[in-house]
Amino acid sequence: MSVSKALEGLNPEQREAVAYLDGPLLILAGPGSGKTRVITHKIAYLLEQGVPPRAILGVTFTNKAAEEMRTRVEALLGAQAPLRELWLHTFHAACARILRSHIEALSSRYTSSFTIFDEGDQRDAIARVLKELDISTDEASPGLFVSLLSRAKDELVGPDEFPQRYAGQLDAYLLEMASRVYRRYQALLEASNAVDFGDLLRLTVELFRREPSILERYRERFQYILIDEYQDINHAQYVFARALAQGARCVAVVGDEDQAIFSWRGSDPSYILQFREDFPHARVIALKRHYRWPHGDRIFKAAQRLIAHNTQRAPEKEFLIEGTGEPIRVLVARDELEEAQAIAREIARLEEEGMDLSQIAVLYRINTLSRVIEKALSDVKIPYEVIRGLRFYDRREVKDVLAYLKLLANPHDEISLLRALARPRRGVGEASLRELQGLAAREGLSLWEAMKRAAQDPAGVLRPKAARALQGFVELIEDLRENAQVLPLGDLAENVLERSGYLQELLADPSRDERLGNVRELIGLLRTYEREAGEGASLTGFLEQVALLSDADQYTGEGGRVALMTLHASKGLEFDVVFIVGVEENLLPHGRSLAEGMLEEERRLFYVGMTRARRRLYLSLAHRRTLHGNLHLNGPSRFLAELPEEDWVAVAGVG
């Protein structure tokens, strides 16, 4: 190809970053600088240069971003581009794909059809473990153990290393309890042929360590590795990426340490800052031009002045800033009610002027602040959407149907098995379950294998009524599993609904309209997935796609509604108008983060929120605020004093 389409329309820094293929590359990319454009054009450029698609690995943090990259590459090169062998995945999806091919090398209990537990499944599994270990949830909640074990796995700490690794970091009693829970929980996962999110990375790294030949195979394959949002990687992701990068001709990472805001989930911005130590001959290119503020970049100028107070920063970034546009509006209210009402009035006024409501976002440091905003918007009949509320896939009836589908793909999944057995109830009670679990433990079986054995010899284990109920359930699942081999996925779900009795239970529910609507939506999603995936569609593939959805993948920006979300959830999004509420000391920056020495991350979080706004930014604070029933008299956030005085104006009210 004589003229490169991949290099067209790029500014000098972007062009240099795309064309550089001679070794490690660090691309420093601030808000609105076109980092996604650089990654997708770099992939397209590699393909133009004759690099086989199978030699390229692109890694990002959301399914939405990965799909956007693939769509953009196709747009550059044409839909006929041979992209089937190109890996464009999240870290978790890439590891899931590797484990699907090789997990048997880690344990004979695992097969390629393993289930991926989401956070809800994790809580259910740990609740079951706590019950088995006779640990009261009054002592420690399942959520606490989910957090502790997820942190351990992100640090590549398994159950054997856990007690030594966290001695001194945890209270001795909690450490002993958590160690027992971790060991039993991991045994339950393995017996269920299941992994959780943390295991996807941890087990892949373990696989590479145990089986060097498998690692070498992937090193030989992935000669070009591109990683997005590198400032957000955690230790497990870092080790995984470093393991693969040892054999690559070019590893290019893109990120912005000023937007590193996820330390609470294990992310460590020091990895992007030490990239040059890991790769001493790395080329560093800073993208200095921005494209998010076509109507004036005064917001960006103020944000840059704010973030300059941080010390953990790369020295190369010197953005080209004009400093034009509307000033930031700072709203000072008496209390949270006046604050919310003023914001609602201003949004109503903007709508009257023709502003698309989907281009307006209200951001806050903690979810509690959304309640009064929601009430004020409802009072003036402004439609809104709360992001990170109850996800569609977390709704009870959706999880119930998914439990059946998971069971058909992997009958050893004990959590899905117990959920399906109970909905609708079938006459197999707690006493019978204890007998079945005892049989499984004595014989080294999964619960499903114990159920099948008991169903074949009902007189040996259960009472007659429970035995008949169990026989019927086992026969139902076995028959549905046969259907799963031949039926389209949507038809399979309908079959499950009718034959399991779940549809009849739904129809008897007073809230059946909404619940039936959610089930129909799930069936529609199954059909859409099958249509889009084509020959590659599978039940396991759909379930994996659902399990790996992130919070950011929920938001579509459609429907003409104002978006309400936390500052953390806004990362990667942009809006014409942004309101940041509660800009007060001990809220933003948050008091707990200040106590933990996290001031710079709190400043980065405020920076991220500010730079979501393309045209207009409102910052609001209240003299007094009631939170959790307590009155707080916080002063203005210290961050307000770090903004240039000429770039903001205080207003007593808006509208």
Side-chain angles (χ1 to χ4, degrees), residues 91-92 95-96 99 103 105-110 114-210 234-240 263-268 410 412-419 437 440-441 444-447 547-548:
F91 275 102
H92 291 96
C95 289
L99 290 176
I103 198 168
L106 291 174
S107 169
S108 60
R109 300 293 297 271
Y110 279 121
F114 62 80
T115 299
I116 300 173
F117 277 11
D118 61 21
E119 188 172 335
D121 297 325
Q122 284 180 272
R123 287 175 183 272
D124 290 345
I126 287 180
R128 180 158 196 83
V129 167
L130 294 179
K131 188 174 182 179
E132 289 179 10
L133 297 178
D134 198 26
I135 296 174
S136 169
T137 54
D138 293 334
E139 293 183 82
S141 69
L144 171 64
F145 291 111
V146 169
S147 178
L148 285 174
L149 302 193
S150 295
R151 171 186 163 192
K153 291 182 179 187
D154 287 344
E155 295 176 355
L156 299 177
V157 177
D160 292 338
E161 304 86 18
F162 185 86
Q164 294 77 25
R165 178 64 175 273
Y166 294 106
Q169 297 184 43
L170 298 177
D171 169 85
Y173 181 61
L174 178 59
L175 177 66
E176 188 275 334
M177 201 164 33
S179 300
R180 287 193 292 139
V181 169
Y182 193 176
R183 193 174 299 280
R184 179 65 193 102
Y185 169 67
Q186 210 58 35
L188 174 60
L189 283 173
E190 192 170 336
S192 297
N193 189 27
V195 301
D196 61 20
F197 264 33
D199 278 335
L200 289 171
L201 270 297
R202 187 180 70 88
L203 293 181
T204 302
V205 170
E206 185 177 337
L207 174 72
F208 286 168
R209 287 175 176 166
R210 279 202 212 173
N234 61 31
H235 180 66
Q237 291 160 342
Y238 170 75
V239 173
F240 168 76
S263 67
W264 51 274
R265 68 182 189 197
S267 299
D268 187 346
N410 171 25
H412 302 291
D413 177 350
E414 184 169 323
I415 300 305
S416 295
L417 175 58
L418 292 172
R419 191 176 188 112
Q437 287 163 343
L445 306 172
S446 70
L447 183 59
L548 296 180

Evaluate side-chain contact (heavy atoms from CB on, under 4.5 Å) for Leu148 paired with Val181, printing each intermediate quantity in order. CA-CA 10 Å; Leu148 285 174; Val181 169; over 6 Å; no
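Under the rule for a salt bridge (charged side-chain N to carboxylate O under 4.0 Å, His left out), the partners of Glu155 that lie at least two apart in sequence or sit in another chain are Arg151, Arg165. When the ring pair (Phe, Tyr, Trp, His ring centres under 6.0 Å) test is applied to Tyr182, the partners found at least two apart in sequence or on another chain are Phe162. Among residues two or more places apart in sequence or in another chain, the ring pair (Phe, Tyr, Trp, His ring centres under 6.0 Å) test is passed with Tyr110 by none.
Residues Ala236 and Leu156 share a closest heavy-atom pair of CB-CD2, 3.6 Å. Heavy-atom minimum distance, Ala140 versus Met177: CB-CE, 4.2 Å. Counting all heavy atoms, side chain and backbone alike, Arg210 lies closest to Ala105 at NH1-O, 4.0 Å. The two atoms that bring Ser446 and His412 nearest to each other are OG-ND1, 2.8 Å, heavy atoms only. Ala125 and Tyr185 make their closest contact through CB-CE1, 3.8 Å (heavy atoms, listed as atom of the first residue, atom of the second, distance). Closest heavy-atom contact between Val146 and Ser150: O-OG, 2.7 Å.
At distances below 3.5 Å, at least one donor-acceptor pair connects side-chain atoms of Ser179 with backbone N or O atoms of Leu175. Under a 3.5 Å cut-off, the side chain of Asp199 and the backbone N or O of Arg202 do not form any donor-acceptor pair. Judged by distance alone, with hydrogens and angles left aside, the side-chain atoms of Ser136 form a donor-acceptor pair with the main-chain N or O of Asp138 at under 3.5 Å.
One distance of note links CG of Asn193 with OG1 of Thr115; it measures 6.5 Å at 0.5 Å rounding. Remark: Leu99 CG to Leu200 CG distance equals 6.5 Å, nearest 0.5 Å. From Asn410, atom CG reaches atom CD1 of Ile116 across 11.0 Å, with rounding to the nearest 0.5 Å. Atoms CG and CZ, on Leu188 and Phe117 in that order, are 6.0 Å from each other to the nearest 0.5 Å. Taken to the nearest 0.5 Å, the CD atom of Glu190 stands 9.0 Å off from the CG atom of Leu106. The structure places CG of Leu189 at 11.5 Å from OG of Ser107, a figure rounded to the nearest 0.5 Å.
Put simply, the side chain of Arg419 reaches to within 4.5 Å of the side chain of Asp124, judged on heavy atoms. The shortest side-chain heavy-atom distance between Gln237 and His92 falls under the 4.5 Å cut-off. Considering only heavy atoms from C-beta on, Arg183 comes within 4.5 Å of Asp160 through its side chain. Proximity of Gln122 to Phe145: side-chain heavy atoms (C-beta onward) are nowhere separated by under 4.5 Å. Side chains of Ile126 and Leu149 form a contact here, defined as non-hydrogen atoms less than 4.5 Å apart. Leu418 places a side-chain heavy atom less than 4.5 Å from the side chain of Leu447. You'll find the side chain of Asp154 stays beyond 4.5 Å of the side chain of Leu201, heavy atoms only. Contact of the Leu548 side chain with the Phe197 side chain is registered, since non-hydrogen atoms from C-beta on lie closer than 4.5 Å.
In summary, the side chains of Asp268 and Tyr238 do not present any donor paired with an acceptor at a separation below 3.5 Å, with no hydrogens or angles considered.
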